[in-house]
Amino acid sequence: MDQTSPSSASLSDLFILIATRTGSSRGMEIPGIIQKNSSPIRTLLEAELVNESDFLRELAKHLKLTWYEPVLLPAVKFSFPARLALRHHLIPIAETDDVLQLAGYDPFDYLARSHVRQVLQQPVRFVLSSRKFILTQLRERYGVGADTFEQLLETMDMDQSDEKLNEINILDEDDPEASVMKFVNQIMREALAQRATDIHVEPLGGDLRIRYRVDGVLRETPIPPQIALLQDSVISRLKIMANLDIAERRMPQDGRISLQLAGQPIDVRVATIPSVNGETISLRLLGQEIFNFARLGVNASLEATLRELLALPNGIILLTGPTGCGKSTSLYTFLASLNTQDRRIVTIEDPVEHKLSGIIQIAIKPEIGLTFASALRSVLRGDPNVIMVGEMRDPETAETAIRAALTGHLVFSTLHTNDSIGGITRLIDMGVEPFLVGSAVRAFIAQRLLRRLCPHCKIPDESDFQQELGFSANSPIFKPVGCEACGNTGYQGRIAIYELCRVTSALQHLIQHKAPTSELKELAMSEGMRLLRENGWERVREGITSLAEVLRVTTAETHKNADLSI
């Protein structure tokens, strides 16, 4: 393969020929994207004009190269410098008779072959493979950003013991900050690719851990071990992007980053926490969401009930549940459905997670005295129709919200409780009079998020466990397996389940007489309230989630009226 590089024109003709053979209908667009001083193969594949695997397999035949079918490689560490692998996108796949086999996807990268032979003192055999396979292997072996931060590795003296690497040309050797910027950007790109909602950057005493929260579950992502040497630079870069004080490391700080990745506007909420090992940084990724009932995934019956509640002229609707259960998304959906020209909607939030057009949104600032309670009192003087209070944290906020509901306003808010009935007890414990709770609150809605089964790899669940829970043997329910599409978790995306308790006149009577929680729940269930787990079972029967996921997210009900068998 050591030959002079073909011209752009000859490569275009070759690529058009291969594209035609593999059935691509966009082959004639190829000459327009092949440019000088860039990798033609990489440019072509990134433009997505051809089917990657089919094109490269046919190209291997044409060039009489060995095609390596991607398989799961054994955990064997070959003696191959990481810097060469990352710079030239090469993966060692085998070593036989002292011959090292390297898989790549660019047969025209002659510089890579020259560098490898210059550094290694053994015969090398190059084979062609899928670009997706190569990049996946690079990330798994060397960590997030492995395919784009060669410059960062240059500044870290990776493979210092191998003096032969000094013969390789080093680019941007004096610009480590630019490399850190690229690495930070790649962390965020990778998080978006994995559908992460949060990124946690955590120093661990000489090491650095980066974790993504995907579908509500934390996953540690591999990074090069040498990146710990630059952990202070990485954290400082994030703080600069969020306009935080990089010199302040003893106190928590909050900030925001507005950026655009892969053509998608992203608003990032940043929070720093000082720890004994150094500052940890949490990033909440907030995209441009579309808020509608279809996204919530509620069935027709529940949607009709929710819309009936939203049509009320006054009262409080409270969403309950732990942090991260999707309460804010549901509230934004409710507000979006009410956002018309004849309504004045004001929200009080900490912080404002999503900006909604046509709605007045206020971010509280306790350090200057702008709290939920003080902001709510001011908002009531501004002639609102609908008010959303991010959270009822104290008696003053709760009482002010309730009095707002009693004076003709529709109020939305949240409470941290385990179920819907727990919201009643929580308000009374905060000092709100029971008669005010019964008179002002129209509904308590408990919420949880279930992970959706991956549609590509889910299989029927034929275990005996489903029969123990009362599911019919003829009911087609499924369980997770794990594949490349879902990151080997078996799940992809999430869906909400609800427990809606409407405050009827009968329930209002019990609340005013301070009835125990068990009695309140009995009455609510007799009037049609369905528990969270029952709603979860419905999702299992629909093939959306698994039995194990419902059991993980919800708690068992031992109440005598709880129909768990369905």
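In this chain, residues are counted from 1 in sequence order.
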Would the distance check show the side chain of [X] and the main-chain N or O of [Y] forming a donor-acceptor pair, the cut-off being under 3.5 Å?
X: Arg113; Y: Asp109; answer: yes
X: Gln492; Y: Ala485; answer: yes
X: Gln101; Y: Ala94; answer: no
X: Tyr491; Y: Leu450; answer: no
X: Ser129; Y: Tyr68; answer: yes
X: Arg269; Y: Arg284; answer: no
X: Glu52; Y: Leu45; answer: no
X: Lys479; Y: Ala548; answer: no
X: Asn339; Y: Ser357; answer: yes
X: Asp267; Y: Leu286; answer: no

Report the distance from atom [atom1] of [X] to atom [atom2] of [Y], rounding to the nearest 0.5 Å.
X: Phe108; Y: Ile41; atom1: CZ; atom2: CD1; result: 5.5 Å
X: Phe478; Y: Glu542; atom1: CZ; atom2: CD; result: 12.0 Å
X: Arg452; Y: Asp215; atom1: CZ; atom2: CG; result: 10.0 Å
X: Leu218; Y: Asp198; atom1: CG; atom2: CG; result: 8.0 Å
X: Ile477; Y: Ile544; atom1: CD1; atom2: CD1; result: 13.5 Å

More than 12 heavy atoms of other residues, nucleotides or ligands under 6.0 Å from CG of Leu204: is that the case? yes
Hey, does [Y] have a side-chain heavy atom less than 4.5 Å from the side chain of [X]?
X: Ile187; Y: Ile210; value: yes
X: Ile235; Y: Pro203; value: yes
X: Phe183; Y: Arg237; value: no
X: Ile266; Y: Met188; value: no
X: Arg249; Y: Lys239; value: yes
X: Arg295; Y: Thr329; value: yes
X: Gln361; Y: Leu356; value: yes
X: Thr545; Y: Ile495; value: no

How close do Val270 and Ala242 get, counting heavy atoms only, and between which atoms? CG2-CB, 3.8 Å
Leu102 and His88: CA distance, side-chain angles, deciding distance, side chain to side chain contact (heavy atoms under 4.5 Å, CB included) verdict: CA-CA 11 Å; Leu102 295 176; His88 299 298; over 6 Å; no
Are Arg125 and Thr66 close enough that a side-chain donor and a side-chain acceptor fall under 3.5 Å? yes
Between Gln447 and Ser330, does the side chain to side chain donor-acceptor pair (under 3.5 Å) criterion hold? Intermediate values first, please. CA-CA 9 Å; Gln447 178 174 343; Ser330 294; 2.7 Å; yes
Salt-bridged, Arg552 to Glu549, with N to O below 4.0 Å? yes
With sequence neighbours excluded, what pairs up with Lys61 under the salt bridge (Lys or Arg N to Asp or Glu O under 4.0 Å) test? none
ring-ring contact (aromatic ring centres under 6.0 Å, His included) with Phe126: which residues, sequence neighbours excluded? none
Stepwise side chain to side chain contact (heavy atoms under 4.5 Å, CB included) check, Thr489 with Arg219: CA-CA 10 Å; Thr489 64; Arg219 301 182 192 170; 3.1 Å; yes
Whether Tyr332 and His354 hold their rings parallel, tilted or perpendicular, with breakpoints at 30° and 60°: perpendicular
